[in-house]
Protein chains: 2
Amino acid sequence: MYDIFFEHLEKKVQLNESEKELIKSFFTPKKLKKRQFLVVEGHPCIYLTFVSKGLLKAYNVDEKGNEHINQFAPEGWWTSDMNSFFSDEVSFYSIDAMEDSDILVISNKEFEELMLKVPIMDRYFRLLFQNSLITKERRLISSNTHNAEEKYQHILKNNPDLIKRVPQNLLASYLGLSAETLSRLKKNATLGEK
Amino acid sequence: MYDIFFEHLEKKVQLNESEKELIKSFFTPKKLKKRQFLVVEGHPCIYLTFVSKGLLKAYNVDEKGNEHINQFAPEGWWTSDMNSFFSDEVSFYSIDAMEDSDILVISNKEFEELMLKVPIMDRYFRLLFQNSLITKERRLISSNTHNAEEKYQHILKNNPDLIKRVPQNLLASYLGLSAETLSRLKKNATLGEK
DNA sequence: AGAAATAATTGATTTAGATCAATCGGTTTT
DNA sequence: AAAACCGATTGATCTAAATCAATTATTTCT
């Protein structure tokens with residue numbers, strides 16, 4: 001359960017055994033069954049979560065009842081409503097499991113304490129957030145400047161793995177497209193191949 | 001020049017005088033005239049920049065020649081093409097001054113050294129990136145789920161200051177709208193007031 | 001295995017916002 | 001002060017993608 005976790009951390013920072021033991025003590029392992037909720041929109045998001053196994057999705061539902069996927073979190077990824085986790089506001093997203101999943105969670109209080117006790121974790125999260133920021137920025141640009149076709153091609157190129165694992169209607173939602181539009185795009189792309 | 005800089009840092013972390021002196025030594029002050037470029041698309045973005053005075057914009061130009069504003073950086077904000085700065089890729093954006101500006105810049109090498117010499121800066125940037133990530137995420141949601149009207153109302157509420165300072169066509173670009181659409185939205189909003 | 005629920009496809013229609021085009025007002029520039 | 005330039009406004013038209021609706025395919029459940 002912790003193997004992939006430390007593997008992930010050690011891609012960004014070097015840790016000795018005593019640091020690892022200490023870090024471990026701050027996290028709580030949990031299991032989620034498929035369709036089980038980790039966070040419900042409108043409630044505080046009390047955990048920052050590392051996914052060891054499985055796949056979660058974070059999404060919100062608008063007034064018209066449409067689901068908008070904000071993030072897919074497969075194993076090796078972090079997920080949370082960061083705004084809610086780091087402030088005292090309620091969560092804008094719901095987060096649930098798309099597959100049976102193993103996760104490691106940390107509360108806000110524990111997180112702050114971890115940063116003080118293991119300062120190198122400030123560096124780890126600095127690097128993590130730095131990379132997320134770059135990725136999120138790319139998505140924002142894509143959302144503002146690309147048409148439907150380009151958005152699809154972009155994810156096809158950059159997240160081929162995700163496409164295999166996620167139902168098409170949710171992928172469409174993630175891209176800000178309707179399911180019908182994505183279906184038609186796929187058809188045209190396949191025709192082009194022949 | 002450094003007053004607003006340290007004021008800004010000290011909102012997130014506590015610094016003693018010797019740390020401040022050390023930090024200062026890593027940054028280089030520069031001045032930009034209105035319309036002067038800090039970064040040109042397609043060239044490496046060698047600086048991470050803090051704006052002490054003035055206003056910069058980061059944008060890219062697509063194949064059709066349309067400008068897409070990614071960020072406005074007024075005094076107290078950081079700007080850069082983070083991807084280019086932290087990797088060895090060239091910049092996707094151009095960054096230039098919309099007003100005469102005073103800036104503080106740091107190179108990537110200096111940045112890495114600063115993180116090692118003043119570990120609390122890892123914490124500072126962790127907090128900075130953490131907040132940027134939350135903001136960027138909001139913009140992405142807005143971009144995917146709101147219509148033109150809602151996008152305008154959103155920025156009207158959350159960045160009233162920016163609206164006063166930035167030409168309307170650039171604001172439109174920042175929101176991913178055409179200048180004409182924003183003009184019409186504004187007209188309707190004003191009519192509604194009466 | 002059969003029923004029920006969910007997802008994907010396809011077609012027809014609608015619409016929000018882009019694009020094209022012209023005019024007007026205000027700044028810079030020379 | 002005239003010229004050139006830039007930004008905002010307004011109207012007319014176009015279009016990409018959403019929406020609505022029906023059908024088919026695929027999982028999931030019992």
Side-chain angles (χ1 to χ4, degrees), chain A residues 33-36 54-55 57 59 61-69 72 96-100 142-156 162-194, chain B residues 33-36 55 57 59 61-69 72 96-100 142-156 162-193:
Chain A
K33 284 272 170 203
K34 188 171 175 172
R35 287 193 197 81
Q36 197 178 338
L55 178 61
K57 67 174 197 285
Y59 62 100
V61 180
D62 68 21
E63 324 79 62
K64 290 178 198 157
N66 297 324
E67 256 189 43
H68 299 277
I69 306 264
F72 293 112
D96 67 12
M98 296 173 63
E99 304 172 1
D100 291 353
S142 176
S143 175
N144 275 340
T145 74
H146 294 160
N147 63 25
E149 170 78 40
E150 289 164 334
K151 285 178 197 177
Y152 175 60
Q153 290 300 336
H154 190 259
I155 202 164
L156 199 64
L162 199 68
I163 294 179
K164 285 171 206 140
R165 206 159 159 192
V166 162
Q168 206 171 292
N169 59 336
L170 297 184
L171 188 69
S173 161
Y174 178 77
L175 293 174
L177 302 174
S178 72
E180 294 94 330
T181 295
L182 186 57
S183 170
R184 285 184 252 260
L185 284 175
K186 246 186 65 178
K187 192 175 141 195
N188 293 343
T190 323
L191 287 175
E193 278 170 21
K194 290 175 189 168
Chain B
K33 284 273 171 204
K34 188 172 175 172
R35 289 192 196 83
Q36 197 178 338
L55 179 62
K57 68 174 198 287
Y59 62 99
V61 180
D62 68 20
E63 323 78 63
K64 290 177 196 156
N66 297 324
E67 254 189 45
H68 300 276
I69 305 265
F72 292 112
D96 66 14
M98 296 174 63
E99 304 171 2
D100 291 351
S142 177
S143 174
N144 274 340
T145 75
H146 294 160
N147 61 27
E149 170 78 40
E150 289 164 333
K151 285 178 197 177
Y152 175 60
Q153 291 299 335
H154 191 260
I155 203 162
L156 200 61
L162 199 68
I163 293 178
K164 286 171 207 139
R165 204 158 160 194
V166 162
Q168 204 170 294
N169 60 337
L170 297 185
L171 188 68
S173 160
Y174 178 76
L175 293 173
L177 304 174
S178 71
E180 293 94 331
T181 294
L182 186 57
S183 171
R184 285 183 253 259
L185 284 176
K186 246 186 64 178
K187 192 174 142 197
N188 293 343
T190 324
L191 288 173
E193 277 171 22

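Naming convention: chains lettered A, B, ... in sequence-line order (proteins, then strands); numbering from 1 in each chain.
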A/Tyr174 and A/Ile155: CA distance, side-chain angles, deciding distance, side chain to side chain contact (heavy atoms under 4.5 Å, CB included) verdict: CA-CA 10 Å; A/Tyr174 178 77; A/Ile155 202 164; 3.6 Å; yes

CA sep, side-chain torsions, deciding dist, call: B/Phe72, B/Arg165, side chain to side chain contact (heavy atoms under 4.5 Å, CB included): CA-CA 10 Å; B/Phe72 292 112; B/Arg165 204 158 160 194; over 6 Å; no

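- Remark: A/Lys164 engages no residue in a side-chain contact (heavy atoms from CB on, under 4.5 Å) (not counting sequence neighbours).
- Inter-axis angle, ends of the helix from C/dA1-D/dT30 to C/dT30-D/dA1, five pairs per end, rounded to 10 degrees: 60°.
- Here A/Lys57 pairs with A/Asp96 under the salt bridge (Lys or Arg N to Asp or Glu O under 4.0 Å) rule; sequence neighbours left out.
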Provide a list of protein-nucleic acid N or O atom pairs under 3.5 angstrom, restricted to nucleotides 15-20 of chain D.
from	atom 1	to	atom 2	distance (Å)
D/dA17	OP1	A/Ala148	N	2.7
D/dA18	OP1	A/Ser178	N	3.4
D/dA18	OP2	A/Ser178	N	3.4
D/dA18	OP2	A/Ser178	OG	3.0
D/dA18	OP2	A/Thr181	OG1	2.4
D/dT19	O4	A/Arg184	NH2	3.1
D/dC20	N4	A/Glu180	OE2	3.0

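- When the salt bridge (Lys or Arg N to Asp or Glu O under 4.0 Å) test is applied to B/Glu180, no partner is found at least two apart in sequence or on another chain.
- Remark: A/Glu67 pairs with no residue by the salt bridge (Lys or Arg N to Asp or Glu O under 4.0 Å) rule, at least two apart or across chains.
- Taking CG of A/Asp62 as the reference point, atom CD of B/Glu150 lies at 8.5 Å (rounded to 0.5 Å).
- You'll find the side chain of B/Asn66 stays beyond 4.5 Å of the side chain of A/Thr145, heavy atoms only.
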Check: protein-nucleotides 28-30 of chain D nitrogen or oxygen pairs below 3.5 Å:
from	atom 1	to	atom 2	distance (Å)
D/dT28	OP1	A/Lys34	NZ	3.2

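- Here the closest heavy-atom approach between residue B/Ile69 and residue B/Leu170 is recorded as CG1-O, 3.7 Å.
- Interatomic distance, A/Leu185 CG to A/Gln168 CD, rounded to the nearest 0.5 Å: 9.5 Å.
- Residues that satisfy the side-chain contact (heavy atoms from CB on, under 4.5 Å) test with A/Ala179, not counting sequence neighbours, are A/Asn169.
- Residues of residues 162-170 of chain A having a heavy atom closer than 4.0 Å to DNA chain D: none are found.
- Rounding to the nearest 0.5 Å gives a distance of 10.5 Å between CD of B/Glu149 and CG of B/Leu182.
- Taking the ring pair (Phe, Tyr, Trp, His ring centres under 6.0 Å) definition, one finds that A/Tyr152 meets it with nothing, sequence neighbours left out.
- Interatomic distance, A/Asn144 CG to B/Ser142 OG, rounded to the nearest 0.5 Å: 9.0 Å.
- Partners of A/Lys33 according to the side-chain contact (heavy atoms from CB on, under 4.5 Å) rule, which considers only residues two or more places apart in sequence or in another chain, are A/Gln36, A/Asp100.
- Once you apply a 4.0 Å limit to the heavy atoms of chain B, the touched nucleotides of DNA chain C run 5' to 3' over C/dG17 to C/dA21.
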